[in-house]
Amino acid sequence: ELQCLHREVREELDCEVTEAVLLETFQGLTHQGNRTVKMPCYLVKLAGVPKPTQEVVELCWIGADYEKYSLGSMLKTQICPFLVEKDILQ
């Protein structure tokens, strides 16, 4: 799982993960609603400045006002509320 995290951050954000702490693993339906997936949520420290690569169209920073953004269902209904409750997302 950590190897995947390191690879995906490198490929999608052109950064390196220097520290990673698992906060929680969430479970929910895919966007299509046809299967259940588990999504681990990590708090990471990065080396470098995140920037979009060919797999990412746009980056934006979100805060406790996340509801005004168009987000995936698990992010909007589970992950962001958890991060706000833990005072990680402000």
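Grouped by direct or indirect side-chain proximity (heavy atoms under 4.5 Å, Ile/Leu/Val/Met/Phe/Trp/Tyr only), V49 sits alone.
In this view, K76 satisfies the side chain to side chain donor-acceptor pair (under 3.5 Å) rule with no residue, not counting sequence neighbours. Residues passing the side-chain contact (heavy atoms from CB on, under 4.5 Å) test with T30, sequence neighbours excluded: Q32, N34, R35, V37.
No more than 12 heavy atoms of other residues, nucleotides or ligands sit less than 6.0 Å from atom CD of Q3.
Residues L43 and M39 fall within the same hydrophobic cluster, defined by Ile, Leu, Val, Met, Phe, Trp and Tyr side chains chained together at heavy-atom separations under 4.5 Å. One hydrophobic cluster holds both M74 and I88 under the rule that ILVMFWY side chains link at heavy-atom gaps under 4.5 Å. Under a hydrophobic-cluster definition in which Ile, Leu, Val, Met, Phe, Trp and Tyr are linked whenever side-chain heavy atoms come within less than 4.5 Å, directly or via other members, V44 and L83 are assigned to different clusters.
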Given the rule in the side-chain contact (heavy atoms from CB on, under 4.5 Å) test, do C4 and E1 qualify, once you have shown the distances and angles that lead to the verdict?
CA-CA 5 Å; C4 180; E1 191 171 277; 5.7 Å; no
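The stretch residues 63-75 participates, sequence neighbours left out, in these side-chain hydrogen bond (donor to acceptor under 3.5 Å, both in side chains) pairs: D65-K68. Judged as a salt bridge (Lys or Arg N to Asp or Glu O under 4.0 Å), not a single pair has a partner in residues 78-90 (not counting sequence neighbours). Each ring pair (Phe, Tyr, Trp, His ring centres under 6.0 Å) pair with one or both residues in residues 42-61, not counting sequence neighbours, would appear here, but there are none.
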Just distance, no hydrogens or angles: give the donor-acceptor pairs under 3.5 Å from side chains in residues 11-29, sequence neighbours left out.
unit_1	atom_1	unit_2	atom_2	d
D14	OD2	K51	NZ	3.1
E16	OE1	R10	NH1	3.1
T18	OG1	K45	O	3.2

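The shortest side-chain heavy-atom distance between C80 and I62 falls under the 4.5 Å cut-off.
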